[in-house]
Amino acid sequence: MAAESTPAITEPGTTGPRRRGGKGRRRKAPSTARKALRATAWTAAGVVVLGGAGAGFVYFKLNGNLRSVDLNQALGTDRPEKVDNGSENILVLGSDTRAGTNRKLGGGTDDGSARSDTAMIVHVYEGHKRASVVSIPRDTLVDRPECTDTKGTAHPAATAVMFNEAYSTGGAACAVKTVESITGIRMDHYLEVDFQGFQQLIDDLGGVRITTTKPIHDKQSHLDLEAGPHTLDGEQALGLVRTRHGVGDGSDLGRIQLQQAFIKALIDQVKHVGVLTNPKKLYDLADTATKAVTTDSDLGSVNSLIDFAGGLKGISSSHMKMVTMPVQYDPANPNRVLLDTAKAQLVWNALRNDQEIPKAATEGTATGEAKGVVSAS
């Protein structure tokens, strides 16, 4: 999904002499920043959102890139009630499909299936100045509810299955249904990005600067980093958010700690990319972003994404709390984890009531051993 090259785009109404209005003040021409499509990404995970405005060819080109799924039709009315308190909940998935160029990046074979390699619930608080992100370990054993995918195929319920199998069973609809069943919270939106889209987004951003306190070497994720500062290109960034054997205890929980640190570094860097002063870079980034994501149908147009992103652009990494869904290691299988129901309920209650997640929710739960290994440079 390489971004296409294009000549500089001239928006109508941005050239020509300025005229003076009443009382001697200039009438401002529409600014490039206001008219341009602005792109930013949360990835692992993260989240990919667009802001700004576009017109003419740019709008139709980018709008044609977008893919969406009609979750409202697939899920029907048997869902948690939407809480109208000004907050939003977004399920963000990173897909491990091997289709197309994803096979080269992810390794393995294209067997026509995919799982959710990364899953996060992003809760945006009322006022859209703060957010909490809850990572869901893919190895969590859950009871998957009966669900119907977007093609209308029904899938029976299953007990004690890995969380990431919900996506491979019934795609986005079954993943959302499972998350809503676990949390009792309605997901307002859905965003999904695959390997190739993630890598290209990082490359179009010019890489992400991080510092590692330990060397990370993982042949499986093609990652080879010494301790110290790095500017990760797309392939290295993909390796970092996928590695689980290169550092720590080799668990999915350790990988989540690396993902959360990378997302914060990414968010910090997006603010300093300078895409608003470079129309060519801005277009390439927006082109890649709209090709990279799959959304719910409510976000399935450039205008909808623009409106959505307008409410997120003020959230910095310092106003984003990142936790892992409370779990404990499965005594019957150390490669699996089980939901810590009592502590998880503290998380879900907090999000439902638009409150901060209490420290007690994660104290004494299972964690990886990769905390502090990665930080923003």
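All values below come from the heavy atoms of this structure, side chains included, with hydrogens, waters and symmetry mates left out.
- For the pairing with Tyr190, the side-chain contact (heavy atoms from CB on, under 4.5 Å) check across Thr295, Val293, Leu91 returns one residue only, Leu91.
- With rounding to the nearest 0.5 angstrom, the CG atom of Asp268 is 7.5 Å from the OG atom of Ser318.
- The neighbour count for Gln73 CD, taken as heavy atoms of other residues, nucleotides or ligands under 6.0 Å away, does not exceed 12.
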Side chain to side chain contact (heavy atoms under 4.5 Å, CB included) between Ile210 and Val208, worked out: CA-CA 6 Å; Ile210 66 161; Val208 175; 4.2 Å; yes

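- Within the 3.5 Å criterion, the main-chain N or O of Gly228 finds a donor-acceptor partner in the side chain of His230.
- Annotation: side chain of Thr150 is not in contact with side chain of Asp70 (no heavy-atom distance under 4.5 Å).
- Between Pro137 and Val337, the shortest heavy-atom distance links the atoms CB-CG2, 4.2 Å.
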Audit row: Asp117, Tyr167, side chain to side chain contact (heavy atoms under 4.5 Å, CB included) steps and yes/no: CA-CA 10 Å; Asp117 203 53; Tyr167 183 90; over 6 Å; no

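- Rounded to the nearest 0.5 Å, atoms CG (Leu225) and OG1 (Thr243) are 9.0 Å apart.
- Of all heavy-atom pairs spanning Val133 and Met120, the tightest one is CG1-SD, 3.8 Å.
- From Arg242, atom CZ reaches atom CG of Leu258 across 13.5 Å, with rounding to the nearest 0.5 Å.
- Here the NZ atom belonging to Lys291 is positioned 12.5 Å from the CG atom belonging to Asp194, to the nearest 0.5 angstrom.
- Using a 4.5 Å cut-off between side-chain heavy atoms of Ile, Leu, Val, Met, Phe, Trp and Tyr, Leu346 forms no hydrophobic cluster with any other residue.
- At least one cation-pi condition fails for Arg138 and Phe163: the charged atom is not both under 6.0 angstrom from the six-membered ring centre and inside a 45 degree cone around its axis.
- Applying the 6.0 Å contact sphere to NZ of Lys129 captures no more than 12 heavy atoms from other residues, nucleotides or ligands.
- A pairwise comparison of heavy atoms in Gly364 and Gln328 identifies O-NE2, 3.1 Å as the closest pair.
- Gln200 places no side-chain N or O within 3.5 Å of a backbone atom of Gly197 that could act as its donor or acceptor partner.
- Remark: side-chain polar atoms of Ser68 are not paired, donor with acceptor, to backbone N or O of Thr294 under 3.5 angstrom.
- A donor and an acceptor atom, one from each side chain of Ser304 and Ser301, are located under 3.5 Å apart.
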Working for side chain to side chain contact (heavy atoms under 4.5 Å, CB included), residues Met320 and Arg130: CA-CA 6 Å; Met320 181 179 295; Arg130 301 176 297 119; over 6 Å; no

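- Gln260 and Ser135 form a side-chain donor-acceptor contact under 3.5 Å, judged by distance and modelled atom types alone.
- For Ala157 against Glu146, the heavy-atom pair with the smallest separation is CB-N, 3.5 Å.
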Stepwise side chain to side chain contact (heavy atoms under 4.5 Å, CB included) test for Leu285 and Leu201: CA-CA 7 Å; Leu285 186 59; Leu201 279 167; 4.1 Å; yes

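- Two residues are said to be in side-chain contact when any heavy atoms from C-beta on lie closer than 4.5 Å; Leu191 and Ile90 meet this criterion.
- Using a 4.5 Å heavy-atom threshold, the side chains of Thr365 and Val327 count as separate.
- Remark: Asp78 engages Lys177 in a salt bridge, criterion side-chain N to carboxylate O under 4.0 Å.
- With sequence neighbours left out, the salt bridge (Lys or Arg N to Asp or Glu O under 4.0 Å) criterion links Asp354 to no other residue.
- Met187 places a side-chain heavy atom less than 4.5 Å from the side chain of Ile185.
- A side-chain N or O of Asp204 and one of Thr288 form a donor-acceptor pair less than 3.5 Å apart.
- Rounding to the nearest 0.5 Å gives a distance of 7.0 Å between OG of Ser251 and CZ of Arg244.
- Asn353 places a side-chain N or O within donor-acceptor distance of the main-chain N or O of Asn349, the cut-off being under 3.5 Å.
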side-chain hydrogen bond (donor to acceptor under 3.5 Å, both in side chains) assessment of Thr211 paired with Ser377: CA-CA 5 Å; Thr211 296; Ser377 293; 2.8 Å; yes

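- A side-chain donor-acceptor contact under 3.5 Å links Asp188 to the backbone of Asn89.
- Side-chain atoms of His123 and Ser87, non-hydrogen and from C-beta on, do get closer than 4.5 Å to each other.
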Intermediate values then yes/no, side-chain hydrogen bond (donor to acceptor under 3.5 Å, both in side chains), His155 and Asp149: CA-CA 8 Å; His155 301 276; Asp149 62 30; 3.0 Å; yes

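- No side-chain heavy atom of Gln257 sits less than 4.5 Å from a side-chain heavy atom of Val373.
- Across Met162 and Asp139, no two heavy atoms sit closer than the pair CE-OD1, 3.1 Å.
- Between Gly368 and Asp249, the shortest heavy-atom contact is CA-OD2, 4.1 Å.
- Between Ile202 and Phe262, the closest side-chain pair of non-hydrogen atoms falls below 4.5 Å.
- Within the model, atoms NZ of Lys82 and CZ of Arg186 stand 7.5 Å from one another, a figure rounded to the nearest 0.5 Å.
- Looking at heavy atoms from C-beta onward, Leu305 lies in side-chain contact with Leu66 at the 4.5 angstrom threshold.
- By the neighbour-count criterion of 12 heavy atoms within 6.0 Å, atom NE2 of His319 is sparsely surrounded, having that number or fewer from other residues, nucleotides or ligands.
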